[in-house]
Amino acid sequence: MTNQDQDYISYYRTMVTIRKFETLAGELFAAARIPGFIHLSIGQEASAVGVCSCLRKDDYLTTTHRGHGHMIAKGADLKKMVAEIFGKKTGYCKGKGGSMHIADFSLGILGANGVVAGGLPIVTGAGVSIKMRKTDQVGVCFFGDGAANRGTVHEAMNMASIWKLPIVFVIENNHYASTTPQNYACSVNDIYSRSASYNIPGTAVDGNNFLKVREVTLKAVQRARKGEGPSVIENKTYRFRGHFEGDPQKYRTESEVDAWKNKNDPVKRFADYLARKKILTKELNQQIWHEVETELKKAVAFAEQSPYPEPQEALDDLFTIPSC
Amino acid sequence: MTNQDQDYISYYRTMVTIRKFETLAGELFAAARIPGFIHLSIGQEASAVGVCSCLRKDDYLTTTHRGHGHMIAKGADLKKMVAEIFGKKTGYCKGKGGSMHIADFSLGILGANGVVAGGLPIVTGAGVSIKMRKTDQVGVCFFGDGAANRGTVHEAMNMASIWKLPIVFVIENNHYASTTPQNYACSVNDIYSRSASYNIPGTAVDGNNFLKVREVTLKAVQRARKGEGPSVIENKTYRFRGHFEGDPQKYRTESEVDAWKNKNDPVKRFADYLARKKILTKELNQQIWHEVETELKKAVAFAEQSPYPEPQEALDDLFTIPSC
Amino acid sequence: MSDRILSCSAALAEALHEEMSRDETIFILGEDLTAHAGIFGQFKGLPENFPGRIIDTPISETAILGVGLGSALTGMRPFVDLHFSDFVTCCMDELANQTAKIRYMFGGQVNIPMVIWCPDGGGLRAAAQHSQSLEAWFIHTPGLKVVVPSEPADVKGLIKSAIRDDDPVMVFQHKKLFARQGAVPENDFTIPLGRAAIKLEGKDVTLLSYGSGFYLCEEAVKGLGHLNIDAEVVDLRTLKPLDMDTVARSIKKTHRAVIVHEACLTGGFGAELTARIQDELFDYLDAPVKRVAAKDVPIPFSPPLEDYVLPKVSDVVEAARAVTYR
Amino acid sequence: MSDRILSCSAALAEALHEEMSRDETIFILGEDLTAHAGIFGQFKGLPENFPGRIIDTPISETAILGVGLGSALTGMRPFVDLHFSDFVTCCMDELANQTAKIRYMFGGQVNIPMVIWCPDGGGLRAAAQHSQSLEAWFIHTPGLKVVVPSEPADVKGLIKSAIRDDDPVMVFQHKKLFARQGAVPENDFTIPLGRAAIKLEGKDVTLLSYGSGFYLCEEAVKGLGHLNIDAEVVDLRTLKPLDMDTVARSIKKTHRAVIVHEACLTGGFGAELTARIQDELFDYLDAPVKRVAAKDVPIPFSPPLEDYVLPKVSDVVEAARAVTYR
Ligand SMILES: Cc1ncc(C[n+]2csc(CCOP(=O)(O)OP(=O)(O)O)c2C)c(N)n1
Ligand SMILES: Cc1ncc(C[n+]2csc(CCOP(=O)(O)OP(=O)(O)O)c2C)c(N)n1
Ligand SMILES: [Mg+2]
Ligand SMILES: [Mg+2]
């Protein structure tokens with residue numbers, strides 16, 4: 001295998017990991033083993049991995065309520081993720097965050113966010129910081145088609161533009177914001193086109209095509225790293241599951257969902273590509289799924305065996321000096 | 001004189017009224033007879049009158065911290081305006097508002113606003129109300145080049161577009177937001193071009209050319225009245241005075257200001273046009289300035305003779321039922 | 001007319017149904033309202049019955065609140081659904097600097113008949129950004145009225161009053177209480193804003209609360225009974241305007257008070273109420289007023305952590321004991 | 001080292017100058033900073049001395065706060081100027097849901113060394129949207145520290161501490177006090193957050209205040225002297241963390257307290273402080289704690305109205321009389 005082939009296999013493995021992670025999370029939620037509510041990104045794996053495959057460990061990332069995939073793609077530890085989603089002490093945030101609030105600052109993951117479009121101003125600040133510290137890091141921000149209508153987007157993109165910040169704004173347009181179709185709530189079809197308002201280059205991509213997402217992102221990341229300023233990318237994609245687990249989904253038809261699932265599954269599409277190119281054999285594919293499954297089982301076992309935090313640990317971590 | 005000529009003279013008189021009103025306000029402020037701080041719109045009269053000349057009394061208007069001209073153009077009572085700016089009981093808001101917070105709901109003026117870009121969501125609500133009440137009213141919102149970078153603009157324009165609201169968004173681009181040049185703070189030169197992001201038609205106009213402003217606005221107002229949706233207009237203009245009275249203005253050169261004053265005074269330009277067209281004679285012009293001066297003197301006398309509110313009136317007007 | 005058992009959610013929908021039938025200027029505005037009749041199903045029946053009067057918006061809280069306001073200034077009576085009370089932070093300017101101030105600032109020229117409806121509260125493992133109780137910010141914002149109903153009948157009666165009120169009214173309804181059942185009169189009744197209810201009479205200590213706090217007090221009464229402490233439970237229902245008369249009447253009887261709310265302790269509504277009680281009723285108090293509230297941290301996700309942070313029945317019992325055994 | 005007379009404004013600039021010279025990760029972010037060294041001239045000398053480290057922004061409060069936060073999460077120490085404290089409403093989500101919660105929510109993974117500097121207060125005829133005192137909202141927002149200096153020396157010492165603090169600190173500085181003069185040590189001193197100062201000693205009543213309230217108290221002391229009331233003035237300086245030890249020590253001596261602040265009464269910081277005093281010092285109190293504050297309306301424009309709404313020296317005298325003559 002060439003180096004590139006090996007990389008591709010590794011990206012594919014990450015996509016499989018996200019698919020399995022999310023599937024498992026859905027099952028665990030259905031079995032009432034995960035408290036609260038969770039939002040799964042099944043169907044959007046090419047976007048997460050396509051984008052994050054272009055990033056270095058020290059690049060920054062902000063993500064959303066639907067952020068598991070992005071975190072895994074940026075290299076997050078599965079054990080700590082599962083443990084966090086379970087509310088365990090060994091989780092990324094010691095159980096304080098849960099599914100919607102995971103971060104790993106050692107990987108530049110500045111956090112998922114429970115507030116829609118909350119990440120854009122934050123990543124813009126990371127951009128300012130990069131510029132002031134004169135590094136060649138890059139900041140990436142994922143947000144949805146629904147998020148695109150919040151004012152934070154406007155303010156952040158304008159600032160990123162006038163200061164030429166090293167940022168890649170990634171719209172994951174999965175055509176729905178909770179129950180609300182994009183074509184109802186958004187005044188334009190191609191959200192990326194709004195980048196013209198900020199004098200930022202923008203592109204739309206088939207967001208379920210891993211290679212295309214990667215190609216476009218590579219360019220944007222390069223541009224940012226060279227100090228040439230921000231970019232906007234719109235990954236057109238679809239979420240296979242409801243907005244949250246348990247969503248009655250009256251706002252769309254089963255046949256619409258099935259059409260995407262059957263004809264436009266990003267994991268399958270990349271697998272098919274790799275098979276066509278003879279990079280991925282049937283055996284290797286099975287092996288990958290098996291290995292991922294094993295790894296995830298370990299993560300779940302870790303989470304299950306981990307203790308819950310002690311109640312009074314609720315008082316820790318607010319301030320750097322606990323006494324305050 | 002034709003009817004149109006008479007109308008033009010009346011618009012011109014309004015422009016003169018604004019010019020004199022603002023000049024007088026500046027003098028009164030310098031003489032410490034006006035409390036607080038004030039923002040004058042000298043140099044922007046064509047924008048105010050050009051736009052408001054297209055409106056009916058029952059159309060709605062939201063304006064800004066620099067709103068005297070807009071109010072006068074929409075028909076506001078000068079006595080009540082001066083009295084309010086003086087903080088007198090006979091003012092529009094019984095002295096509670098002052099220069100930055102004047103409104104006249106009987107004229108559809110939903111208020112000046114001390115928060116930059118605060119008017120956009122409000123006028124959008126007026127648009128929703130018009131649509132639900134099925135009238136053919138129109139809502140107009142003035143805001144500045146600085147305001148254009150606030151998130152409220154993005155949210156309001158998107159909503160106005162998806163619901164096809166009868167709104168005209170008027171950007172008064174006077175090239176500065178307080179000390180900050182537009183070409184520093186704004187990622188595009190032509191702010192109106194951002195309307196494409198909302199699928200809203202947009203135009204830029206020489207904002208110191210009364211007839212051009214009126215022409216473009218008439219079209220936009222017609223479009224709104226017919227239920228065809230919102231428009232964006234950018235009036236390129238300039239403020240002759242500082243951001244507020246007393247502004248040291250280190251952010252621009254005197255020669256830049258003088259160039260505008262000398263070559264691009266909207267009042268003078270309209271006067272010249274009317275003179276060329278033989279609509280405005282020298283005598284009529286003098287008469288108009290004289291009459292306006294007299295009217296304003298009366299307004300100032302009214303305000304001066306009016307009492308201040310009684311201190312305990314500060315407790316009135318918070319709620320409809322005072323006891324709460 | 002007779003009472004039926006309804007949930008808080010159904011009581012809300014019924015109130016809206018009645019009011020929207022009566023007055024066609026009332027409409028509902030917010031995110032994700034029509035597909036599932038509100039994200040908690042709280043508007044059951046309304047999308048079908050009032051097409052065009054329950055309006056889905058983009059995710060644009062700033063504009064949503066501003067649109068509500070602008071429509072209220074021009075003849076409509078908007079009922080704005082904020083989705084989660086936590087997102088009030090995204091329209092705080094429209095709320096605190098515009099909605100709350102416009103009537104006053106413009107000298108009383110205009111009324112603002114607007115309801116801002118905020119599902120709030122914790123206990124659902126929804127973590128820091130979906131679990132807050134923020135009513136105290138608005139108590140400190142002149143120009144807003146603040147209502148926090150607890151039982152289904154209160155929901156119906158107060159929602160109807162809030163809708164009929166010509167001033168902006170914020171209503172906080174606890175997400176965990178949507179399913180709570182209770183008797184609700186069938187007729188067209190209202191509960192005036194600014195009137196508290198003594199829901200359980202007692203003579204030893206006054207438990208003052210609202211919203212989810214009311215249920216903690218109700219339960220605590222049993223435990224206190226075992227300790228031979230006879231507690232009176234006052235459900236404040238409206239925080240602004242506040243019914244100090246009822247509070248005073250009760251404390252003049254019991255000479256002791258405990259205030260219970262789910263919002264965090266420091267700077268919560270309990271602080272204001274304590275300050276007023278100790279000022280206006282100093283000589284009647286035999287013990288300091290105690291406050292029971294959430295701990296001063298964001299709401300954590302993990303069940304043992306969240307349970308530790310939120311106030312509990314045993315906290316109420318403990319506080320009541322402390323003031324009565326003094 | 002010797003003291004010089006400086007204004008509050010100059011004390012702020014000096015603190016920033018010293019800190020920015022010491023640590024190059026500190027920078028200032030906000031609207032209209034460079035042309036006039038801040039809209040109140042409060043950053044005099046900084047634009048020239050620290051080019052590129054005092055950054056003008058577009059009018060985008062949401063992004064300004066968010067950018068501050070994002071930079072703090074990635075190695076910088078931002079000092080965010082909010083222009084007028086009133087515009088905090090435009091970035092309330094970034095402040096209350098993000099900045100205040102991120103450290104906690106993420107289990108303490110990261111520090112947020114950030115100052116949010118808010119010029120606030122009334123008396124300048126600036127009307128309802130440019131005159132507020134909003135500190136109480138943030139007292140009720142776990143995760144933020146709140147500092148309100150009054151005298152120039154406090155400004156310098158507290159600003160320096162706020163900048164060095166690894167947590168988000170909100171600093172409210174009263175616009176009308178920028179020109180106030182006072183002695184300020186020349187050396188590199190800090191005043192720790194959470195330490196109040198007894199600025200005038202007395203034995204009959206404790207006047208508790210901060211920011212502009214401090215000056216009301218200082219003046220009231222003279223009037224009270226004529227009435228033979230010997231007042232002690234405590235300048236709280238930091239509201240969160242709060243120095244209850246100093247408060248307690250004073251009240252154990254005087255047995256009476258009056259709290260003075262410019263924010264409106266209902267739900268203000270005075271409520272919280274009263275609640276704590278009556279709880280922790282119940283047996284020491286000979287009279288109810290009185291609160292002196294603005295009336296519960298937006299700040300009106302007209303001078304006689306604004307003067308009526310804001311608290312006055314005579315209100316402080318009156319309140320102190322009421323609690324001492326009891
Ligand atoms: C400011 C804000 N408003 C509303 C919500 C509630 N909410 C959570 S996710 C969501 C839909 C988001 O849609 P989109 O941005 O398209 O992302 P997707 O869920 O499709 O990934 C909504 C409305 C929120 N969390 N924050
Ligand atoms: C939200 C908000 N931020 C900042 C300010 C302070 N401020 C008042 S006017 C102004 C400049 C506005 O510029 P622009 O929109 O271009 O209007 P202009 O003054 O040029 O008419 C600023 C920054 C404010 N009032 N509101
Ligand atoms: Mg979506
Ligand atoms: Mg401007």
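Note that the structure is a prediction, hence the values are computed from the model and not measured. Here is how names work: the chains are called A, B, and so on, in the same order as the sequence lines, proteins then strands, and each is numbered from 1. Keep in mind that the numbers below use all heavy atoms, side chains included, and drop hydrogens, waters and symmetry copies.
- The backbone N or O of B:Gly151 sits less than 3.5 Å from a side-chain atom of A:Glu155, completing a donor-acceptor pair.
- Looking at B:Ala185, only its backbone comes within 4.5 Å of chain A, counting heavy atoms on both sides.
- More than 12 heavy atoms of other shown residues, nucleotides or ligands fall within 6.0 angstrom of atom CZ in B:Arg239.
- Other residues, nucleotides and ligands place no more than 12 heavy atoms under 6.0 Å from the NZ atom of A:Lys212.
- A:Ser197 contributes atom OG, which lies 11.5 Å from atom CG of B:Asp190 (distance to the nearest 0.5 angstrom).
- By a heavy-atom distance cut of under 4.5 Å, not one residue of residues 60-68 of chain A is near chain B.
- Here the straight-line distance linking atom CG of A:Asn149 with atom CD1 of B:Ile162 works out to 7.5 Å at 0.5 Å rounding.
- A donor atom on one side chain and an acceptor atom on the other are not found under 3.5 Å apart for B:Asn158 and A:Arg150.
- Of all non-hydrogen atoms in A:Val153 and B:His154, the two that sit nearest each other are CB-NE2, 4.4 Å.
- For B:Ala148, the part lying under 4.5 angstrom from a heavy atom of chain A is the backbone only.
- Looking at B:Ser187 and A:Asn199, their side chains never bring a donor and an acceptor atom within 3.5 Å of each other.
- Atom NZ of A:Lys219 is surrounded by 12 or fewer heavy atoms from other residues, nucleotides or ligands within 6.0 Å.
- Checked against salt bridge (Lys or Arg N to Asp or Glu O under 4.0 Å), A:Arg56 has the following partners two or more places apart in sequence or in another chain: A:Asp58, A:Asp136.
- By the neighbour-count criterion of 12 heavy atoms within 6.0 Å, atom CZ of A:Arg214 is densely surrounded, having more than that number from other residues, nucleotides or ligands.
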